[in-house]
There are 2 protein chains.
Amino acid sequence: MNDIARLAGVSKKTVSRVLNNSPFVREETRVKVNELMQEMGYTPDPQARGLAFRRSFLIGMVFDNPNAQMVVTMQEGVLAGLKGSGFELVVHACDRNAPDFLPEVSAFVERQKLFGVILLPPISENNALVEMLQERGCHYVRMASAVIDEPGNLVASTDSLATAEAAKHLAKLGHTRIGFIAGPPGFRSRAERRLGFLAGLKEHGIDLPARYSIDGAYTYESGIAAAEKLLKLNPRPTAIFASNDEMAAGVYHAARQLGLSIPADLSVVGFDDTPVSRRLWPPLTTVRWPIHDMGRAAAQHLLNAASDQPADDDNAVFPAFLVERDSTASAPK
Amino acid sequence: MNDIARLAGVSKKTVSRVLNNSPFVREETRVKVNELMQEMGYTPDPQARGLAFRRSFLIGMVFDNPNAQMVVTMQEGVLAGLKGSGFELVVHACDRNAPDFLPEVSAFVERQKLFGVILLPPISENNALVEMLQERGCHYVRMASAVIDEPGNLVASTDSLATAEAAKHLAKLGHTRIGFIAGPPGFRSRAERRLGFLAGLKEHGIDLPARYSIDGAYTYESGIAAAEKLLKLNPRPTAIFASNDEMAAGVYHAARQLGLSIPADLSVVGFDDTPVSRRLWPPLTTVRWPIHDMGRAAAQHLLNAASDQPADDDNAVFPAFLVERDSTASAPK
DNA sequence: CTGAAAGCGCTTACAG
DNA sequence: CTGAAAGCGCTTACAG
C-alpha cells in the first residue's frame with residue numbers, strides 16, 4: 001500500500017479511500033490509484049483491514065443438516081455469489097441439541113468477528129440464535145422453507161405451495177386414500193409441507209385421516225418404518241407422499257418387501273430432488289427447490305449489507321415446484 | 001490482553017509468551033496468567049495475531065469433487081479435528097479445468113495468508129499446485145487413493161488393496177466373465193482401483209479382456225452407458241465392478257432395462273459406500289473408506305505442523321475394505 | 001478533496 | 001525468566 005501511495009504521489013490514506021469507495025476522492029486520483037493497484041497486482045490484506053475495522057471479511061455457514069447434497073450445493077451457490085468480493089466462507093458444523101450450542105456459536109462469531117453468517121435449516125429457525133447475532137451486530141441470512149424474517153435476512157423456498165401442487169397432482173390421478181409421512185418436529189419444513197399438502201387435498205375434497213399421517217425423521221430408516229405402518233392399513237393407501245426424498249426411498253424399500261409395484265400399486269412422491277431421486281427405480285416424482293440460486297442470493301444479501309445497499313426484497317423467495325417422473329400413476333381401480 | 005497483563009502484574013509480552021507456549025516463562029507466572037485468561041474468558045484475536053505473525057489461522061479446503069457426501073463428511077472430519085485449536089476452515093470450490101485454476105488458488109492462499117490447505121482428489125494429485133504451495137510456504141495435506149507424498153503431507157486410503165479384495169470376492173463366487181467400469185483419466189483413483197482389481201483377478205487366474213473394461217466418468221449416466229455396452233457383449237459378463245457407487249447405480253438401471261435380476265443374473269460391486277449404496281435394491285456390495293477419520297487425520301497433520309511437532313507417520317494411511325451386501329451372489333450356471 | 005497522527009491487538013527482535 | 005520499543009497493514013478521527 002505504501003508503494004502504491006508513493007508511486008501515485010498521494011498519501012496512504014487516499015489509497016485507503018479509493019479502496020473503500022469513499023466519495024471524497026477526485027475522479028482523476030481515483031483512476032490513477034486504481035490503475036496502479038491493477039498493475040502492481042495489489043490486493044489489500046484482509047487481516048489488516050479487519051483489525052482496523054474491528055471485524056473480519058469472513059462469512060460463516062452454520063449448519064446441522066442431514067442432507068449432504070443440500071449442504072454442498074448451498075456452499076457452492078454461496079461461493080459463486082461471494083466470488084471476487086473479498087469475502088471468504090468459513091464452515092461451522094454444529095450440534096443443535098448440544099447443551100452449549102448457543103454459546104459455542106456465539107464464541108465462534110465473536111472470536112472471528114464475522115461479518116455475517118448464513119444459517120441452514122433447521123438452525124435457521126432458532127430465534128434465540130438470531131437474537132444473539134443481532135446483539136453482536138453480526139449480519140445474518142436465514143435459509144428457510146417459508147417467510148420467517150424480513151426479506152433482507154431471508155432466503156426461502158415456497159414449500160407449502162409445492163406440496164399443495166403435489167397433493168393436487170395425486171388427486172388428479174384419482175387417488176383418494178393417500179398416506180402422508182411428515183418431517184420431524186423441530187423443522188419448520190415439517191409444518192410447511194404438511195399444511196400445503198392438506199390444503200391441496202382439500203381443494204379436491206379429500207381428507208387426510210389421522211392414521212394416514214405418520215411422523216418420520218427425514219431419514220431412510222424412518223421412511224421404511226412409516227411406510228410399513230401405512231401399507232398395513234386397511235384399506236391401504238394407493239399413494240404416499242414422503243416429506244423428503246430419503247424417506248421416499250424408504251417407502252420404495254417397504255413397498256418392495258411387500259411385493260407392491262410402483263407406480264402400478266402405489267404412487268410415491270418425495271421432496272428435495274436430491275440425486276437419489278433419479279437413482280431410484282422408477283425415478284421419483286419429487287419437489288425441486290433451487291438450492292444453488294438460493295445460496296447465491298444469500299451471499300448477495302450479505303454483500304448488499306456490506307456495501308450499505310438496501311435489501312433486495314425480490315431476491316428472498318424462490319419457488320419450489322413439482323417434478324413429475326415415473327413414480328406416480330393413476331390410482332389402481 | 002492489556003487487562004490480563006495488568007491483573008497478572010506482568011507485561012503484555014509475558015502474556016503473549018504464555019499464549020505461544022514459550023519455554024521462557026516461570027511455571028508460577030504461567031499458571032497465574034492462564035487462570036486469569038480462563039476467568040476473564042479471554043481468547044486472543046486471531047486477526048491481530050495473524051497480522052503480527054504474517055499468516056492467518058485459517059485452513060483452506062480446496063476441492064472440485066463430484067461426490068457431495070464425500071465433501072461434507074470430509075469437512076465434518078476436518079472440523080472435528082480442528083475443534084478447539086483456534087483454526088477455522090475456509091472452503092474453496094474451484095474448477096480444475098479453468099485456465100486460471102492455478103493462479104486463482106494461488107491468489108486465494110496468498111491473500112488469506114493461509115496456514116495450510118487440505119486438497120481433495122483429484123486436485124490433490126496436481127503436482128504443479130503442490131509446488132506452488134511449497135513455494136509460498138503454505139502447509140498442505142493431500143487426500144488421495146494411494147501413497148503419493150510423504151506421510152506428513154498425506155492422508156490416503158488403500159484403494160488398490162480394497163479392489164483386489166473385491167475381485168477375489170467375485171472370483172470366489174465363481175465369476176470368471178467380469179466387466180469393469182473404470183474411473184475417468186485424470187483421477188489417480190482410476191489407476192489404483194483398476195490395478196488392484198486386475199491383481200485380485202490374477203490371483204485366481206482370471207483375465208480381464210480389453211472389451212470387458214470400459215471407461216466411465218464417475219457419474220450415474222456414464223455408468224448406464226458403460227453397463228449397456230458390457231451387457232451387450234456375448235458372452236455377457238456375470239458380474240460388473242464399477243469404480244464408484246454412482247456408476248454402480250447406473251449398472252442397476254441398465255440391468256433393469258434389460259430385465260436382468262441382481263444378483264441372480266448379474267452381480268454388482270461399487271466403491272465409496274455412499275448412502276445411495278443402501279438405497280439401491282438390492283443393497284450394494286461396495287468398498288468403504290473412512291472419510292471422516294481421514295478428515296480428522298488431515299487436520300491433525302496440520303496441527304502438528306503448527307506446533308512444530310514431527311509428522312505422525314502412522315496417521316497417513318487408512319485401509320479401505322469391502323462391505324458385502326446383497327448385490328453379489330454365485331455366478332449363474 | 002487530501003494528509004499526519006494515533007491506534008486496531010498482537011508479535012518480533014533487542015536488551016536486561 | 002522478563003520488559004520497553006517498534007512494527008504487522010490497514011483505518012478512524014482530526015485537521016486543513
Side-chain angles (χ1 to χ4, degrees), chain A residues 1-34 36-37 40-58 86-88 107 110-115 136-137 306-308, chain B residues 1-34 36-37 40-58 86-88 107 110-115 136-137 306-308:
Chain A
M1 187 173 192
N2 276 316
D3 300 346
I4 302 277
R6 196 167 354 96
L7 290 174
V10 299
S11 74
K12 246 167 50 169
K13 176 54 200 152
T14 299
V15 177
S16 168
R17 270 192 267 263
V18 172
L19 232 38
N20 294 296
N21 292 314
S22 157
F24 305 113
V25 183
R26 228 184 343 156
E27 190 51 31
E28 197 183 301
T29 316
R30 174 191 311 282
V31 170
K32 192 200 226 162
V33 170
N34 269 325
L36 269 159
M37 295 201 288
M40 314 262 308
Y42 167 80
T43 350
D45 181 328
Q47 289 199 105
R49 290 187 83 193
L51 188 59
F53 269 137
R54 286 169 197 69
R55 65 163 183 75
S56 72
F57 289 84
L58 300 175
F87 283 89
E88 296 291 339
E110 176 150 331
R111 228 159 50 92
Q112 301 300 326
K113 300 215 198 73
L114 297 182
F115 173 76
R136 294 228 172 304
S307 54
D308 289 317
Chain B
M1 187 174 194
N2 276 319
D3 301 346
I4 303 277
R6 197 169 351 97
L7 291 173
V10 299
S11 75
K12 246 167 50 167
K13 176 53 200 151
T14 299
V15 177
S16 168
R17 269 193 266 263
V18 173
L19 231 38
N20 293 298
N21 292 314
S22 159
F24 305 113
V25 183
R26 227 187 343 162
E27 190 51 32
E28 197 184 302
T29 317
R30 176 191 308 283
V31 170
K32 193 200 220 160
V33 170
N34 268 325
L36 269 160
M37 293 200 291
M40 314 261 309
Y42 167 80
T43 347
D45 180 328
Q47 290 200 104
R49 291 187 83 194
L51 187 59
F53 269 137
R54 286 170 198 68
R55 65 163 183 73
S56 73
F57 289 84
L58 300 176
F87 283 89
E88 298 290 339
E110 176 150 330
R111 228 159 49 92
Q112 300 300 325
K113 300 212 198 75
L114 296 182
F115 174 76
R136 294 228 172 303
S307 54
D308 288 316

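The structure presented is a predicted model; accordingly, all values stated were derived computationally and were not measured. Order of the sequence lines sets the chain letters (A, B, ...), proteins ahead of strands, with each chain counted from 1.
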**OP:** Mind jotting down which residue pairs meet the salt bridge (Lys or Arg N to Asp or Glu O under 4.0 Å) criterion with at least one end in residues 22-31 of chain B? Sequence neighbours excluded, please.
**Re:** B/Arg26-B/Glu28, B/Glu27-B/Arg30
**OP:** Between A/Arg54 and B/Phe24, just flag the one whose closest nucleotide in DNA chain D comes earlier from the 5' side.
**Re:** B/Phe24
**OP:** Check side chain to side chain donor-acceptor pair (under 3.5 Å) between A/Lys32 and all other residues, then give those that pass, not counting sequence neighbours.
**Re:** none
**OP:** For B/Ser16, enumerate each residue passing the side-chain contact (heavy atoms from CB on, under 4.5 Å) test, keeping only those at least two apart in sequence or located in another chain.
**Re:** B/Met1, B/Lys13, B/Asn20
Original post:
First and last nucleotide of DNA chain C touching chain A, 5' to 3', heavy-atom cut-off 4.0 Å?
Top reply: C/dC1 to C/dG9
Could you pull out every donor-acceptor pair under 3.5 Å between side chains of residues 40-47 of chain A and any protein atom, sequence neighbours left out?
residue, atom, partner, partner atom, Å
A/Asp45, OD1, A/Gln47, N, 2.6
A/Asp45, OD1, A/Ala48, N, 3.2
A/Asp45, OD2, B/Lys113, NZ, 2.2

Subject >> Partners meeting side-chain contact (heavy atoms from CB on, under 4.5 Å) with B/Ala306 (sequence neighbours left out) >> reply: B/Phe87, B/Phe115
Original post:
With sequence neighbours left out, what residues match A/Arg111 under salt bridge (charged side-chain N to carboxylate O under 4.0 Å, His left out)?
Top reply: B/Glu88
**OP:** Give A/Phe53 one of three labels, base, sugar-phosphate or nothing, depending on what nucleic acid heavy atoms sit under 4.0 Å from its own.
**Re:** sugar-phosphate
**OP:** Can you sort out which residues in residues 5-16 of chain A have a heavy atom within less than 4.0 Å of DNA chain D? Ascending by number, please.
**Re:** A/Lys12, A/Lys13, A/Ser16
Original post:
Roughly how far, to the nearest 0.5 Å, is the CG atom of B/Leu19 from the OG1 atom of B/Thr14?
Top reply: 12.0 Å
Original post:
Looking for any heavy atom pair under 4.0 Å, which part of the strands does B/Tyr42 touch: base, sugar-phosphate only, or nothing?
Top reply: sugar-phosphate
Subject >> Heavy-atom pair with the smallest gap, counting every atom of A/Leu114 and A/Ser56 >> reply: CA-OG, 3.8 Å
Original post:
Rounded to the nearest 0.5 Å, how far does NZ of B/Lys12 lie from CZ of B/Arg17?
Top reply: 13.0 Å
**OP:** Tell me the stems DNA chain D sits in, counting at least three consecutive Watson-Crick or G-U wobble pairs, each under 3.5 Å on both distances.
**Re:** C:1-3 with D:14-16, C:5-12 with D:5-12, C:14-16 with D:1-3
**OP:** Output all residues satisfying salt bridge (charged side-chain N to carboxylate O under 4.0 Å, His left out) with B/Arg54, sequence neighbours left out; order by chain, then residue number.
**Re:** none
